[in-house]
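Have a look at the structure below before the remarks.
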Amino acid sequence: MIDKYNPQAIESRWQAAWERDGLYRAVIDSARPKHYAMTMLPYPSGNLHIGHWFAMTPSDARARFKRMNGYNVLFPMGFDAFGLPAENAAIKHKLHPAKWTYENIDRMRGQMKSMGAMFDWSREAISADPEYYRWTQWFFLQFFKNDLAYRQRASVDFCPHCNTTLAREQVWGDDRHCERCGTPVIKKDLEQWFFRITKYADELADHSKIDWPERVVTMQNNWVGRSEGAHITFHTEDEDELTVFTTRPDTLFGATFMVLAPEHPLVETITTPDQRAAVEEYRAAAVRQTEIERAATDKEKTGVFTGGYAINPATGEKIPVWIADYVMMGYGLGAIMAVPAHDDRDFAFARKFGLPIRAVIQPEGDPLNGDTMIEPYIGEGVLINSGKFDGIPATDAIEKITAWVEEQGRGHAAVSYKLRDWLISRQRYWGAPIPIIYCDKCGIVPVPEDQLPVLLPDDVQFSDSGENPLKFHPAYQHVACPNCGGDARRETDTMDTFMCSSWYQLRYLSPHYDKAPFDPVEAAYWLPVDQYTGGIEHATMHLMYTRFFTKALRDCGVFAATETLRDPALPSIDDEPMSALFNQGIILGEPRAGHFIVAEGEWEAERLNAHSIRAIDGSEAATETAINRVVGEIWKRAETLLDVHTTDGRDVTVEVFDDTTFEIPGVGMNAGVEDLRHHLDVEKMSKSKGNVIDPDALVEKYGADVVRGYLMFAFRWELGGPWDSQGIQGVVRWLNDVWALVLNDRPKIGGDTAAPDADVRALRRKVHQTIKRVTDGLEGFGFNTTVAALMELKNTLQAARRTPVANDPAWNEAIRTMLLLMAPITPHIAEELWSQIGNTTSIHLGAWPIYDADIAKEEAITLIVQINGKVRDRIAAPADISEEDAKARALASTEVARHLNGDAPKKVVYVAGRGMINIVV
RNA sequence: GGGGACGUGGCGGAAUUGGCAGACGCGCAUGACUUAGGAUCAUGUGACGCAAGUCGUGGGGGUUCAAGUCCCCCCGUCCCCACCA
């Protein structure tokens with residue numbers, strides 16, 4: 001009986017059965033430990049791509065694994081449904097964003113169901129639903145009430161293409177472009193809403209309560225950018241105060257001039273009449289300059305003297321005050337004391353404009369001289385030219401001079417952050433309206449909570465310019481002031497969609513709850529998220545915002561009701577939203593090579609493998625192996641393409657454009673190509689490059705289990721890598737083999753003869769070793785080695801099947817165990833085979849196999865005998881061999897004797913755990 | 001300029017954290033079966049060598065009985081931040 005594995009026949013059937021039986025409904029069960037697994041929710045862009053599969057199916061495998069290990073697992077899914085693409089599609093196709101969005105959601109939900117993932121769809125949350133954004137607005141009001149939201153005119157980043165302002169986090173790269181569309185941003189002076197995320201700077205830089213990847217922690221800490229230093233107040237000649245932030249108060253005596261950002265408010269008053277024209281011109285030029293130009297680090301320093309002076313509080317000296325665009329208004333206090341002797345930028349500036357340089361930190365060696373220094377000295381040393389502080393090590397002086405400044409009433413220790421408050425206003429339609437009303441009499445008036453949600457009107461006209469249609473919707477804008485009843489105007493900006501995604505883990509708990517953003521009973525049981533997974537690209541955006549949100553909600557008292565329902569002994573849920581995080585990598589496009597010349601014919605390589613190399617003119621290549629090597633080496637080392645010729649049947653000569661020639665004698669390359677550069681044509685997938693892998697087509701061709709299995713097997717999950725359309729065949733073979741192994745009739749080996757005990761023990765040993773590898777692998781996100789372990793077990797079973805072991809009860813146990821171990825990774829085939837071998841309940845409700853270290857323990861080991869670290873012999877020995885025995889056997893080996901050549905061993909090292917002996921001569 | 005990650009066969013990647021380098025898979029080679037094969041089965045597959053053997057984890061040094069793994073110096077790739085005071 002051979003019934004071929006046909007995934008299409010079984011997968012939809014099981015998906016329907018699981019849905020019918022409510023297998024993945026997660027319901028509170030206080031008798032079981034909970035596990036809240038969450039993977040980043042998708043934006044409903046239209047179709048699921050392979051990246052979604054790569055992100056979601058391994059997460060699903062781990063959630064299933066947790067479930068089989070006795071956890072009550074919640075693994076929800078939803079859609080981050082507000083956002084610009086919907087609005088752009090609306091403009092382009094004359095289609096309402098809601099229609100576009102919800103149609104996409106319907107399609108993508110269906111595509112996700114084809115993954116066979118255990119998503120609990122009864123908890124689906126969609127951020128564009130009024131019942132969702134009602135609470136997004138409610139949170140805004142809580143922030144407003146608690147002084148965490150404020151409105152301010154500020155110079156903000158504006159994307160001219162998307163026609164909206166952006167948060168600092170959404171401006172990327174050297175050219176400061178819009179994260180969504182790539183257009184360089186411009187600065188605009190606008191009244192906007194901000195959240196006081198900076199209030200939480202220190203807390204956000206503290207990751208001690210969560211288990212997050214080091215990479216994310218580092219990026220977030222850099223983003224918060226805490227620096228410790230001091231505020232020091234100088235006085236101008238007119239007795240105006242001019243306060244600077246510095247991380248080097250120890251160099252105060254070396255401050256020989258000051259620099260203000262061109263936008264600094266004091267510029268107005270400090271500038272002298274004869275300098276005013278020059279200053280005004282410089283300020284105007286600075287405004288005109290793009291951020292890119294201003295931020296270029298290698299730029300020649302520019303600046304203008306204001307004509308004004310300030311007094312260095314340490315030296316009493318009169319020092320000039322300049323303006324220069326290398327000082328930014330947005331960081332610190334927008335003003336610096338310049339210490340040219342000990343700072344790169346100040347040094348360059350001083351040299352250019354002939355300003356005095358005074359060394360105040362002296363390293364060991366020749367005394368520094370400010371007039372002759374050719375570069376600033378940044379390192380450690382002792383203070384000089386610093387009055388009573390002379391001779392103190394600079395590291396101590398930071399504290400001492402700060403204390404002294406404070407005594408003088410001239411400043412204090414201070415901390416500065418790079419983190420900016422979060423700008424959440426967006427001048428676009430498809431987002432959650434900001435629930436604010438402006439009244440001429442009452443000012444800024446929040447919409448009363450019982451009037452939420454502020455609904456987006458449907459009857460809007462989109463213009464090609466992308467301008468917010470709410471601005472042209474009088475009925476939406478004109479409202480009565482909730483306070484005085486008079487004529488008032490509704491805010492037309494909507495909220496940054498990162499606001500919606502900052503709290504979705506809460507809405508999943510009770511997506512239809514209408515008394516609060518979430519049901520405290522659900523929250524008390526499920527929170528916090530135990531395992532979050534998603535891409536690293538959100539490190540300083542979503543992952544920052546959601547942590548801020550949680551802390552802000554805590555301070556607004558939103559978790560109070562939940563806390564009363566929780567065991568106070570449990571760790572708190574209101575400091576951090578997600579206890580653990582794991583970032584998967586990305587799947588890149590399949591590598592493609594171009595044309596090159598082989599055997600004087602033109603050849604084409606669509607891939608890096610020789611298999612698909614063929615001559616355009618139909619001629620034959622040299623041996624495929626040789627060509628294979630050439631292609632590999634070319635792609636590994638060459639920058640530009642080259643000619644490849646065969647000189648005879650086997651040898652290949654490669655000519656690089658610069659006439660370098662090297663030989664490839666049949667197999668392998670000779671040396672001499674080291675200077676060729678690595679070059680591999682691997683790119684991100686994109687429609688325009690035509691290298692997109694469509695998961696639907698793969699599912700249709702191979703089935704969901706194969707796609708899941710391949711995605712987990714072919715890459716390290718945290719790294720991802722280029723797609724390989726041939727590699728998937730390995731997973732196809734694996735599942736075909738498993739299918740045949742479980743279902744096909746077995747020949748009775750030797751009638752009913754009992755299998756030798758040793759063989760049975762060997763089989764069970766392999767099974768238990770696999771249990772351990774799979775358990776550890778799934779726990780630790782090592783999906784690729786997990787699949788490898790399952791393949792090995794299959795290989796072992798295939799071999800055992802030809803022996804009497806296949807008649808032993810241990811065989812059936814092995815099959816059962818293998819299916820249970822496969823269930824999280826390939827849920828459909830596992831379920832089908834589980835049912836076919838006679839089980840009536842779902843394998844996914846089955847208990848995870850228990851690892852028994854005694855069974856897994858090797859009975860015999862191979863002693864590895866090394867001489868001076870080189871393996872010279874292998875000797876079979878019992879696992880419990882004593883050290884003396886092992887050494888004796890090693891020294892008795894004839895191989896050892898041969899290599900010792902009569903020399904006496906100087907030392908014999910025995911490593912018990914590894915069965916290794918090293919004889920040192 | 002600052003911070004971080006990485007570099008292992010033709011390819012994706014293993015290596016229980018200092019202990020047999022190359023698991024598992026792709027590809028490839030040879031053979032079998034086939035009208036055929038992008039199917040299946042068997043065997044082989046780091047390099048060099050007929051072999052004994054030698055060499056091998058980007059390069060160079062070091063620590064150690066033992067280094068892909070630890071330390072130092074280079075080279076290269078990628079990511080983040082960036083006139084941050």
Side-chain angles (χ1 to χ4, degrees), chain A residues 172-174 214-215 218-219 221-223 225 227 229 244-248 259 294-299 301 324-328 330-339 343-346 348-349 416-418 536-537 539-540 591 607-612 623-625 627-633 635-636 665 667-669 674 677-678 680 710 713-716 719 721-731 733-734 736 772-773 776 782 784-785 787-792 795 862-871 874 906-911 913-921:
Chain A
W172 287 10
D174 291 346
E214 202 49 46
R215 220 164 24 137
T218 306
M219 279 169 76
N221 287 345
N222 289 344
W223 193 257
S227 355
V244 300
F245 172 73
T246 178
T247 55
R248 295 292 303 274
V259 185
R294 244 187 105 163
T297 48
D298 50 355
K299 203 182 75 172
K301 293 277 176 296
D325 62 6
Y326 82 89
V327 175
M328 307 285 163
Y331 182 75
L333 300 171
I336 62 160
M337 61 177 212
V339 185
D343 180 274
D344 285 314
R345 295 147 303 165
D346 297 346
F349 194 83
S416 189
Y417 301 91
K418 293 185 197 171
I536 186 97
E537 67 273 15
T540 54
R607 301 175 26 72
L608 294 182
N609 313 68
H611 187 75
S612 51
T623 69
E624 283 205 3
T625 307
I627 297 300
N628 194 11
R629 294 243 189 282
V630 174
V631 174
E633 289 298 331
W635 283 104
K636 205 170 171 185
V667 263
M669 296 278 286
E674 280 74 23
R677 284 252 318 279
H678 179 93
L680 202 67
Y710 180 59
F713 176 60
F715 317 89
R716 288 179 60 179
L719 294 181
W723 182 258
D724 175 1
S725 54
Q726 287 184 97
I728 197 168
Q729 207 49 238
V731 177
R733 289 180 189 133
W734 170 43
N736 280 337
K772 172 132 180 72
R773 288 177 65 189
D776 292 351
N784 55 345
T785 49
V787 175
L790 288 165
M791 286 175 170
E792 273 188 53
N795 291 343
T862 304
L863 287 176
I864 307 299
V865 185
Q866 298 179 335
I867 295 173
N868 288 340
K870 287 185 180 175
V871 179
R874 291 157 212 267
K906 231 192 290 185
K907 185 172 169 188
V908 180
V909 180
Y910 179 64
V911 187
R914 315 273 173 174
M916 166 150 323
I917 295 160
N918 194 11
I919 300 168
V920 187
V921 183

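Heavy atoms only: backbone and side chains are in, while hydrogens, waters and symmetry mates are out. Just so we're on the same page: letters track the sequence lines, and every chain starts at 1.
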Please list, for nucleotides 53-57 of chain B, all pairs of protein and nucleotide N/O atoms separated by less than 3.5 Å.
| unit_1 | atom_1 | unit_2 | atom_2 | d |
| --- | --- | --- | --- | --- |
| B:G53 | OP1 | A:Arg898 | NH2 | 2.7 |
| B:C55 | OP2 | A:Lys870 | NZ | 3.3 |

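With a 4.5 Å cut-off on side-chain heavy atoms, A:Arg345 and A:Asp343 count as touching. Looking at heavy atoms from C-beta onward, A:Trp223 lies out of side-chain contact with A:Lys418 at the 4.5 angstrom threshold. Residues A:Arg874 and A:Ile864 have side chains in contact (heavy-atom distance under 4.5 Å, counting atoms from C-beta outward). Using a 4.5 Å heavy-atom cutoff, the side chains of A:Asn918 and A:Val908 are not in contact. Between A:Ile536 and A:Arg215 the shortest side-chain heavy-atom distance falls below 4.5 Å. Within the 4.5 Å cutoff, the side chain of A:Ile336 has heavy atoms near those of the A:Asp346 side chain.
Taking the C1' atoms as reference points, B:G44 lies 16 Å from B:C26, given to the whole Å. Rounded to a whole angstrom, the distance from the P atom of B:G61 to that of B:A29 is 39 Å. For the C1' atoms, the distance linking B:U8 with B:G76 amounts to 15 Å, nearest Å. Nucleotides B:U34 and B:G27, compared at atom P, are 24 Å apart to the nearest Å. With C1' as the reference atom, B:G68 and B:G19 are 13 Å apart, rounded to whole Å. Going from the C1' atom of B:G56 to that of B:C20 covers 15 Å, rounded to whole Å. B:G22 and B:G46: their P atoms are spaced 9 Å apart (whole Å). The C1' atoms of B:A14 and B:C24 are separated by 7 Å, rounded to the nearest whole Å.
Sequence order on RNA chain B of the closest nucleotides to A:Ala788 and A:Val871 puts A:Val871 first from the 5' end. Map A:Leu333 and A:Trp223 each onto its nearest nucleotide of RNA chain B; the residue landing nearer the 5' end is A:Trp223.
Of all nucleotides listed (B:C81, B:C83, B:C80), B:C81 comes nearest to the side chain of A:Lys418. The side chain of A:Thr785 lies closest to B:A14, out of B:A85, B:G12, B:A14. Each of B:U17, B:C26, B:C24 was ranked by its minimum atom distance to the side chain of A:Arg914; first place goes to B:U17. Looking at the side chain of A:Met219, the nearest of the listed nucleotides B:C20, B:C80, B:A85 is B:C80. When distances are taken from the side chain of A:Ser227 to each of B:C81, B:C26, B:A85, the shortest belongs to B:A85. Closest to the side chain of A:Ala714, from the set B:G12, B:G27, B:C20, is B:G12. Relative to the side chain of A:Val327, the nucleotides B:G3, B:A85, B:G12 differ in distance, and B:A85 lies closest. Among B:A14, B:C26, B:G19, the nucleotide with an atom closest to any side-chain atom of A:Arg716 is B:A14.
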Please encode protein proximity along nucleotides 62-67 of chain B as a string of B, S and -, counting only heavy-atom distances under 4.0 Å. ---BS-
Using Watson-Crick and G-U wobble pairs with both distances under 3.5 Å, what is the 5'-to-3' dot-bracket string of RNA chain B, with [ ] for crossing pairs and | for pairs outside the strand? (((((((..(((......[....)))((((((.......))))))(((....)))..(((((..]....))))))))))))....
Run A:Tyr710 and A:Trp723 through ring pair (Phe, Tyr, Trp, His ring centres under 6.0 Å) and show every step you take. CA-CA 10 Å; A:Tyr710 180 59; A:Trp723 182 258; 5.1 Å; yes
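For A:Arg773 and B:C24, the CZ to P distance is 9 Å, given to the nearest whole Å. Atom pair A:Ile864:CD1 and B:A15:P shows a separation of 19 Å (rounding to whole Å applied). Rounded to an integer number of Å, the gap from CG of A:Leu719 to P of B:C79 is 14 Å. Atom CE of A:Met916 and atom C1' of B:A15 are 13 Å apart (whole Å). Rounded to an integer number of Å, the gap from CG of A:Asp325 to C1' of B:A82 is 15 Å. For the pair A:Trp723 CH2 and B:G12 C1', the computed distance is 12 Å after rounding to whole Å. With rounding to whole Å, A:Trp734 atom CH2 is found 16 Å from B:C26 atom C1'. B:C81 atom P lies 10 Å from atom CG of A:Asn222, rounded to whole Å.
When all heavy atoms are compared, the tightest approach of A:Thr785 to A:Arg773 is O-NH2, 4.0 Å. A:Thr247 approaches A:Ser227 most closely through the heavy-atom pair CG2-CB, 3.8 Å. In this structure, A:Val327 and A:Ala335 approach most closely via the heavy-atom pair CG1-N, 4.0 Å. Listed here is the closest heavy atom pair of A:Asn784 and A:Phe715: CB-O, 3.6 Å. A:Gly730 and A:Met791 make their closest contact through O-CE, 4.1 Å (heavy atoms, listed as atom of the first residue, atom of the second, distance). Scanning all heavy atoms of the two residues, the minimum distance from A:Phe245 to A:Leu333 falls at N-CD1, 3.9 Å.
Applying the 90° cutoff around 0 to the glycosidic angle, B:G56 is assigned anti. For B:U17, the base adopts the syn conformation, since its glycosidic angle falls within 90 degrees of zero.
Using bins of under 30°, 30° to 60° and over 60° for the plane-to-plane angle, the ring pair A:Tyr326/A:Phe349 lands in the tilted bin.
If you check every strand for non-hydrogen atoms under 4.0 Å, A:Asp344 touches nothing.
When the side-chain nitrogen and oxygen atoms of A:Asn736 are compared with OP1 and OP2 of B:U40, none of them lie within a distance under 4.0 Å.
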